[in-house]
**Q** 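Submitted below is the structure of interest, expressed as C-alpha cells.
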Amino acid sequence: MDVTTASLKIEELLLYALKHGIIESVDYIQCRNSLLDLFKIQEPYSGTISDVDLDDPHEILNPLLDYAYEKGFFKENTITNRDLFDTRIMGLLMPRQSEVIRKFNDIKRSSGIEKATDYFYSLSKDSYYIRMDRIEKNKYWRTDTEYGSMEITINLSKPEKDPKDIAAAKALKQTDYPKCLLCLENVGFSGNLNHPARQNHRVIPVTVAGEQWYFQYSPYVYYNEHCILFYEKHVPMQISEKTFIRLLDFIDQFPHYFIGSNADLPIVGGSILSHEHFQGGRHVFPMEEAKVEERYKSEMFKDVDAGILKWPLSVIRLSSKNRDELIEASSMILREWRNYSDPSVDIIAYSTVSGEKVPHNTITPIARKNDDGMYEMDLVLRNNRTTDEYPYGIFHPHGELHHVKKENIGLIEVMGLAVLPGRLKSELDEIERILSGDIKFDKKKIADDDPLFKHIPWIDELISKYGINLKRDEAEKILKEEVGNIFLKVLLDAGVFKRDEEGMAAFDRFLNSIHFKKI
C-alpha cells in the first residue's frame, strides 16, 4: 500500500471515530496528528473522502496494519502482532478514563443506568476493545432438554497463538505488571506477546459493600452485555458473607443486569481465581427460566422463600424482598455447606493432605431481580473432591465426555451456556462428513495424535444410531443435538446431589439439617 492510501485510511478512521462518538469534532486535528506520527506520514490526505458507514473499524484497520507491517513497524505479520498494533491505533482515539467516567455518570443522572450502560457497551464495541467481527464467528445453537433449552457456543473469537509468537514470547523477560488480566493496571496498557494490549480499555468505578470495585465489559462477550466487576486489589477470589452483600449492592445499582461469581476452589472454579471478581450482564440464561420443583421454608428466615430448582446441578433458589434476611439466609447456607458431609453420595467437606485441612465444598452464587421486583439468589452447591477413579473431579465432566468438554464448569456453564473449545468446529465438520458418507470411517487408520482419535467411541455410537449417507444438513442437525445432550450430561456430572431418588433424598436431608422444611 502506498502512503496516499494509508493517509486516506487514517481519515476514514477519524470519520468512523467521530460518527461513533469516540472523538468529538474538536479532537479531530489532534487525533489526526497522533495517527500521522504513529505511521510516520508527513501530511494528511487531501482528496475527497467518502462517507464511512461501518459497525466496527476492522475493515479500515486491516489495510493500515498491512501498511504498518510493510514499513517494518512490527516484525512478524502474526495475529498477535497485528492485535497489539491495532489496539495502539485505537488507543490514540480513545477518550481519557476521566472523560468516560464523567460521561457515564452524566448519562446515568439524566437518563438512568440502562442508558449509561448502553453508552459504555457501545464504546467498548466501537473502539474495537470488543472485536465483534470475531465474536460473530462463534458457532451458537440451542438444544431442548427436559431441563430447558440449553445454549451451546463454540468459541472461535480467541485467535490461536502463532508458533512464531510462542517462540518470541518465551524469549521475553517475564514481568508481573499487570499481575493479571483483571487488574486495574490493564487500562491503557500497551501489551506484549504474553499479555494483550489494552490502550482502548476503560473501566467505571463502582462502590459495593463500601469497597472500591471497577466495572468493565468482557472483550470476549460470551453473551449480551457480558460484564465484569473486579476488586481494586489483586487478591484471590473468596466466597463469603460479604459476597452476597456485594452481589445485592451491584444489582441495586444495575437492576437490569444479573451478577454471579465463579466458585473459589480449583476444578469447580473459573479460569482466574487469583483476582476477586464477578461476572454479569443482560442475558436470560436457561437456569433463570428453570422452575422451582420443591419448595421449602425456614422459621429462621420467614421472609425468604426457598426451593430446589429443576436443574441438572444442585441449585437452591432463595427469593425475598427483605434484602438483609436474604443475605443472612445465603450466608448461613454457605457456612453449613462448607462443613457438610454425606459419604453416602460422595460428599466430603474436607480431606487432610500433608497435615493440612483441605476444603472441598463451596458455592457458585448468582443474583438478580425478577419481574416482581424481588431479589433472587441462586446458590449452586459445588464440591471439588477427586479420587483415583475420577482424577479430574467426582463432580466434574467424567472422562467419556472429555472429547467435547474437559475444562472447568464455571459460572457461565452452570447457568446453561456451554462454552466449547474452538477445536470442535473442525472436528465436528469431519464427523459430519463421515455421517454423510463423504469420507470413509476406518478407526484402525486413525492415529492417536489425530484430532478424531478421542471421538472414536462417539463416532461408533453415532453411526450405530443414525447410520451413514445422511444428508449434510441432517448430519449437522444431529450433531448439534448430540453435542447439546453431551453438555447436559456434563452438567449432570457436576451436580453434587444426583437427579435420582437417592440424590434428591440426600438433597432434602441437607436442607432439613439447616432447618429448611419442605412445604
Side-chain angles (χ1 to χ4, degrees), residues 3-65 67-68 73 83-133 184-191 197-206 214-217 219:
V3 68
T4 302
T5 306
S7 61
L8 169 61
K9 291 300 173 184
I10 286 174
E11 294 302 316
E12 289 177 353
L13 188 61
L14 290 164
L15 284 175
Y16 167 86
L18 187 63
K19 193 166 188 176
H20 287 266
I22 302 172
I23 65 172
E24 297 181 20
S25 57
V26 293
D27 303 316
Y28 201 99
I29 292 174
Q30 176 193 329
C31 291
R32 171 197 279 154
N33 287 334
S34 295
L35 290 170
L36 291 173
D37 178 59
L38 176 64
F39 285 94
K40 306 305 178 190
I41 296 173
Q42 297 302 312
E43 56 186 22
Y45 182 75
S46 58
T48 304
I49 304 165
S50 301
D51 185 35
V52 174
D53 185 18
L54 297 171
D55 291 331
D56 69 59
H58 79 273
E59 291 183 24
I60 304 172
L61 290 171
N62 280 335
L64 282 172
L65 292 170
Y67 179 82
F73 295 156
D83 285 358
L84 288 168
F85 201 83
D86 69 20
T87 306
R88 185 178 175 188
I89 294 169
M90 295 307 296
L92 295 175
L93 302 175
M94 288 296 289
R96 290 179 181 272
Q97 176 85 334
S98 58
E99 295 173 276
V100 175
I101 294 167
R102 189 179 304 115
K103 186 166 183 178
F104 181 93
N105 288 330
D106 286 347
I107 295 171
K108 184 173 71 170
R109 278 190 295 270
S110 63
S111 305
I113 188 63
E114 289 189 45
K115 292 295 185 184
T117 55
D118 287 347
Y119 151 71
F120 190 43
Y121 190 52
S122 292
L123 177 66
S124 300
K125 291 186 293 183
D126 296 339
S127 64
Y128 215 40
Y129 167 71
I130 299 173
R131 298 170 183 263
M132 289 303 296
D133 60 308
L184 180 61
E185 288 76 14
N186 281 282
V187 176
F189 184 61
S190 61
R198 289 289 184 256
Q199 290 103 323
N200 55 357
H201 176 44
R202 300 292 182 265
V203 300
I204 304 296
V206 179
Y214 292 90
F215 172 82
Q216 67 171 75
Y217 288 102

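All values below come from the heavy atoms of this structure, side chains included, with hydrogens, waters and symmetry mates left out.
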**Q** Partners of Ser110 by side chain to side chain contact (heavy atoms under 4.5 Å, CB included), sequence neighbours excluded?
**A**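 By the side chain to side chain contact (heavy atoms under 4.5 Å, CB included) rule, Ser110 matches no residue at all.
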
**Q** Once side chain to side chain contact (heavy atoms under 4.5 Å, CB included) is applied, do any residues pair with Glu185, and if so which ones, sequence neighbours excluded?
**A**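 Once residues adjacent in sequence are excluded, the partners of Glu185 under the side chain to side chain contact (heavy atoms under 4.5 Å, CB included) criterion are Tyr177, Pro178, Cys183.
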
**Q** Applying side chain to side chain contact (heavy atoms under 4.5 Å, CB included), can you list everything that pairs with Ser34, at least two apart in sequence or on another chain?
**A** Leu92

**Q** Quick check: Tyr217 with Tyr129 (ring centres under 6.0 Å apart)?
**A**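 Not under 6.0 Å, so no.
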
**Q** Around atom CD1 of Ile29, are there more than 12 heavy atoms from other residues, nucleotides or ligands closer than 6.0 Å?
**A**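 Atom CD1 in Ile29 is not packed in, count stays at 12 or less.
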
**Q** Mind checking what makes side chain to side chain contact (heavy atoms under 4.5 Å, CB included) contact with Val206, not counting sequence neighbours?
**A**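 Counting only residues at least two positions away or on another chain, Val206 forms a side chain to side chain contact (heavy atoms under 4.5 Å, CB included) with Val208, Phe215, Leu229, Gln253, Phe254.
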
**Q** Taking only residues two or more places apart in sequence, or in another chain, which ones meet Asp86 in a salt bridge (charged side-chain N to carboxylate O under 4.0 Å, His left out)?
**A**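 For Asp86 the salt bridge (charged side-chain N to carboxylate O under 4.0 Å, His left out) partners, ignoring immediate neighbours, are Arg131.
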
**Q** Would you list the pairs meeting salt bridge (Lys or Arg N to Asp or Glu O under 4.0 Å) in which at least one residue belongs to residues 88-101, sequence neighbours left out?
**A**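 Salt bridge (Lys or Arg N to Asp or Glu O under 4.0 Å) check on residues 88-101 returns no pairs.
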
**Q** Can you pull out every salt bridge (Lys or Arg N to Asp or Glu O under 4.0 Å) where at least one residue sits in residues 44-65? Sequence neighbours excluded, please.
**A**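 For residues 44-65, and leaving out neighbouring residues, the salt bridge (Lys or Arg N to Asp or Glu O under 4.0 Å) pairs sorted by first residue read Lys19-Asp51.
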
**Q** Restricting to pairs with a member in residues 6-16, which pass side chain to side chain donor-acceptor pair (under 3.5 Å), not counting sequence neighbours?
**A** Lys9-Glu12, Glu11-Tyr28, Glu11-Arg32

**Q** For Glu114, check salt bridge (charged side-chain N to carboxylate O under 4.0 Å, His left out) against everything at least two apart and list the hits.
**A** Arg282

**Q** Output every pair passing side chain to side chain donor-acceptor pair (under 3.5 Å) with a member in residues 37-47, not counting sequence neighbours, ordered by first then second residue.
**A**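 Counting only pairs at least two positions apart or across chains, no side chain to side chain donor-acceptor pair (under 3.5 Å) contact touches residues 37-47.
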
**Q** Please enumerate all residues that pass salt bridge (charged side-chain N to carboxylate O under 4.0 Å, His left out) together with Lys103, with sequence neighbours excluded.
**A**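 Lys103 satisfies salt bridge (charged side-chain N to carboxylate O under 4.0 Å, His left out) with no other residue.
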
**Q** So, do Thr87 and Arg198 sit near enough that their side-chain heavy atoms are less than 4.5 Å apart?
**A**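 The answer is no; the side chains never approach within 4.5 Å.
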
**Q** Asp133: what forms a side-chain hydrogen bond (donor to acceptor under 3.5 Å, both in side chains) with it, not counting sequence neighbours?
**A**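 Here the qualifying residues are Tyr128.
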
